[in-house]
Amino acid sequence: MDIRFWNQEIETLAQKDLRQLQLTRLRELIGYAMKTPFYHKRLKKAGISSPEDIQDLEDLQKIPFTVKDDLRQAFPKGLLAVDMEQVVRIHSSSGTTGIPTVIYYTAKDLDRWTDLLARGIVATGAGPADVFQNMMSYGLFTGGLGLHYGAERVGLTVIPVGGGNTQRQLQLMRDFKTSVLHITPSYLLHIHQRMPEFRISPADLNLKKAWMGAEPHSENTRLKLQELYGIDIYNSYGLSEMNGPGVAFECAYKKDLHVWEDGYIIEIIDPATGKVLPEGQEGEVVFTNLIRHAMPLLRYRTRDLAFLHPEPCPCGRTGRRMSRITGRTDDMMIINGVNVFPSQIEEILMSIPEVGNNYQIHLTRKEGLDRLAVKVEIYSKLFTGDLSQLDALKAKINDKLRASITINSRIELHEPGALPAFEGKAKRVVDERDKL
Ligand code: AMP
Ligand code: ZN
């Protein structure tokens, strides 16, 4: 096994020293948090008014959780801890829910974040000899720029193409002998299915590895894709609230993801009680971001479910490993990389007068891409036999939905009573995207 490090000292720091470093950084972070209107109020209420109130890491539990809605309430500057002059970049979550959330970074914050990405890149065995095609979207989403700067720091040759346009992607891979991809599992699957159309097969390419993330996927999906392409695939996890990708990355052993614990404090909690669970038990992942000062986030509830491996990894890294994401505590769907809540769809449907009370959201996967169908009941009187009118209604519903969730859906119109009715809790989402 070829084990390489970007920063061996910090990546293999003894757990005891890692905890000490976390404590130092946490106390520094409290100082920044106190400068924000949001935490100033919230921490005071919890009896914390200065870094001295945190004596050891156990004291973390005195700090209340932060949730996504807090970010919305604090929009735009309630969580900003520095002057705007010090802010050099903003990002946002790929979520499309009405009120936006914003993440601020200073130059130092970006520098520290980039370093974590460099570690992940090197941990997978990539280096300056690699040609890296970054197929995650650039822009407000953190996936594009995050890995971009990490890869430049390590010295890879970066092709900053972003997502979409399969033909061009394949052409670039061939022309520049791309060896590493950063991509979502759904797009990697899709590309494979379209290769025959462009008369290209994986054997014509120089691909060696892919960093795959932004969406949940199973071990079977990884194995299948590795086989289809003949490459090594590494799981990469992150979220914009914790800077973006690079929170946790798989090493050469591909046995779940090392969390960079000098950058983040990870806790696994029981989502119902908020109690911290022992290592090995599955629960909601909570992170404290120790390396971003422009916008501190303490004990942020991700709503992602996972567990921590108690035993160390043979690679020598001491950052504990987090399992792949096994689910969510909420009903958020990730459709081709875009976060969508069923409530957003409901809100739009219910604003359209022709739409009745019942609807169903149907997810399938075709040619590797997620397809969204929305089945709605409409009033019987609308079924007049005039097909063009029904088509116009479908187009209207799709347009309104697309304006909110940014993706296209196939609309099906049904007579009242045609869709399953619910007496108890409605089950409106039918997810048939098989895991392959
Ligand atoms: P965003 O803030 O838009 O980057 O979305 C972050 C969310 O994407 C996370 O909270 C996860 O739900 C999901 N996500 C990111 N990376 C992965 C991954 N490797 N496996 C599963 N889910 C992921
Ligand atoms: Zn390892």
Side-chain angles (χ1 to χ4, degrees), residues 1-6 8 11-12 67-68 71 91-97 100-103 113 119-120 122-125 136-147 163 182-186 188 210-219 221-222 225 233-261 264 266 284-287 289 297 300-306 309 311-341 406 435:
M1 188 72 63
D2 182 15
I3 307 292
R4 294 185 216 174
F5 296 94
W6 173 250
Q8 184 160 5
E11 290 175 56
T12 58
V67 296
K68 183 98 172 178
L71 269 70
H91 275 295
S92 177
S93 162
S94 64
T96 54
T97 25
T101 56
V102 60
I103 313 292
W113 175 31
R119 290 186 204 171
V122 172
T124 67
M136 290 281 186
S137 6
Y138 279 71
L140 281 174
F141 174 54
T142 51
L145 286 174
L147 259 294
H182 178 214
I183 190 164
T184 60
S186 41
L188 195 55
W211 305 314
M212 198 160 82
E215 285 173 351
H217 54 282
S218 62
E219 179 64 19
T221 300
R222 184 232 300 263
L225 282 165
I233 299 183
Y234 303 86
N235 197 350
S236 147
Y237 170 86
L239 60 160
S240 39
E241 292 83 357
M242 291 301 122
N243 299 327
V247 173
F249 229 94
E250 276 184 334
C251 67
Y253 284 92
K254 293 193 274 187
K255 291 262 160 57
D256 289 340
L257 308 92
H258 285 283
V259 179
W260 304 125
E261 289 193 82
Y264 305 95
I266 182 170
E284 183 177 345
V285 185
V286 171
F287 284 112
N289 189 335
L297 279 182
Y300 181 72
R301 289 183 68 154
T302 62
R303 299 199 163 258
D304 290 325
L305 294 172
H309 286 275
E311 72 282 0
C313 179
C315 77
R317 286 181 183 76
T318 44
R320 283 175 300 168
R321 282 166 302 149
M322 178 181 111
S323 70
R324 60 178 62 246
I325 302 300
T326 55
R328 299 264 311 167
T329 63
D330 61 11
D331 53 2
M332 185 180 89
M333 307 174 282
I334 303 189
I335 307 176
N336 293 324
V338 179
N339 304 347
V340 179
F341 287 91
T406 71
K435 300 294 174 206

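For ligands, and for the atoms within them, numbers begin at 1 and follow the listed sequence. Not measured: the values here are computed from a predicted model.
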- Message: Contact between ligand 1 and Arg324 is defined here as a heavy atom of the residue under 4.0 Å from a ligand atom; is it met?
- Response: no

- Query: Can you list the atoms of ligand 1 that are under 4.0 Å from a heavy atom of Asn235?
  - Reply: 18 (C), 19 (N)

- Query: Taking the side chain as C-beta and beyond, is there a heavy-atom pair between Ile103 and Thr142 under 4.5 Å?
  - Reply: no

- Task: Kindly indicate, with the supporting measurements, whether the criterion side chain to side chain contact (heavy atoms under 4.5 Å, CB included) is fulfilled by Val259 and Tyr237.
- Result: CA-CA 9 Å; Val259 179; Tyr237 170 86; over 6 Å; no

- Query: Are any of the N/O atoms in Ser240 less than 3.5 Å from those in ligand 1?
  - Reply: yes

- Task: Taking the side chain as every heavy atom from C-beta outward, state whether Phe249 and Leu257 have any pair of such atoms under 4.5 Å apart.
- Result: no

- Task: Check whether any side-chain heavy atom of His217 sits under 4.5 Å from a side-chain heavy atom of Arg324, and report yes or no.
- Result: yes

- Query: For ligand 1, which part of Leu239 has a heavy atom less than 4.0 Å away: the side chain, the backbone, both, or neither?
  - Reply: both

- Winner among Gly238, Pro185, Ala214 once heavy atoms are compared against atom 17 (C) of ligand 1: Ala214

- Query: Between Lys255 and Glu311, is the closest basic N to carboxylate O distance under 4.0 Å?
  - Reply: no

- Item | Heavy atom of Arg303, distance to ligand 1 below 4.0 Å | no

- Message: Could you report the tightest heavy-atom contact between Asp331 and Phe341, atom names first, then the distance?
- Response: OD1-CD2, 3.6 Å

- Check whether any N or O atom of Ser236, backbone or side chain, sits under 3.5 Å from an N or O atom of ligand 1, and answer yes or no. yes

- Item | Thr302, any N or O under 3.5 Å of ligand 1 N or O | no

- Item | Where the Zn ion (ligand 2) is the vertex, angle from Cys251 SG to Cys313 SG to 10° | 110°

- Note on the structure: Among Asn339, Leu257, Asp304, closest by heavy atom to atom 11 (C) of ligand 1 is Asp304

- In ligand 1, the atoms that come under 4.0 Å of a heavy atom of Arg328 are 10 (O), 12 (O)

- Query: Which atoms from ligand 1 have a heavy atom of Phe141 less than 4.0 Å away?
  - Reply: 4 (O)

- Task: Kindly indicate whether the side chain of Glu250, heavy atoms from C-beta on, has any atom under 4.5 Å from the side chain of Arg222.
- Result: yes

- Query: side chain to side chain contact (heavy atoms under 4.5 Å, CB included) between Asp256 and Met322: does it pass, once the steps are laid out?
  - Reply: CA-CA 6 Å; Asp256 289 340; Met322 178 181 111; over 6 Å; no

- Would you check, one step at a time, whether the test side chain to side chain contact (heavy atoms under 4.5 Å, CB included) holds for Lys68 with Tyr300? CA-CA 8 Å; Lys68 183 98 172 178; Tyr300 181 72; 3.3 Å; yes

- Please identify which atoms of ligand 1 are closer than 4.0 Å to at least one heavy atom of Gly213. 19 (N)

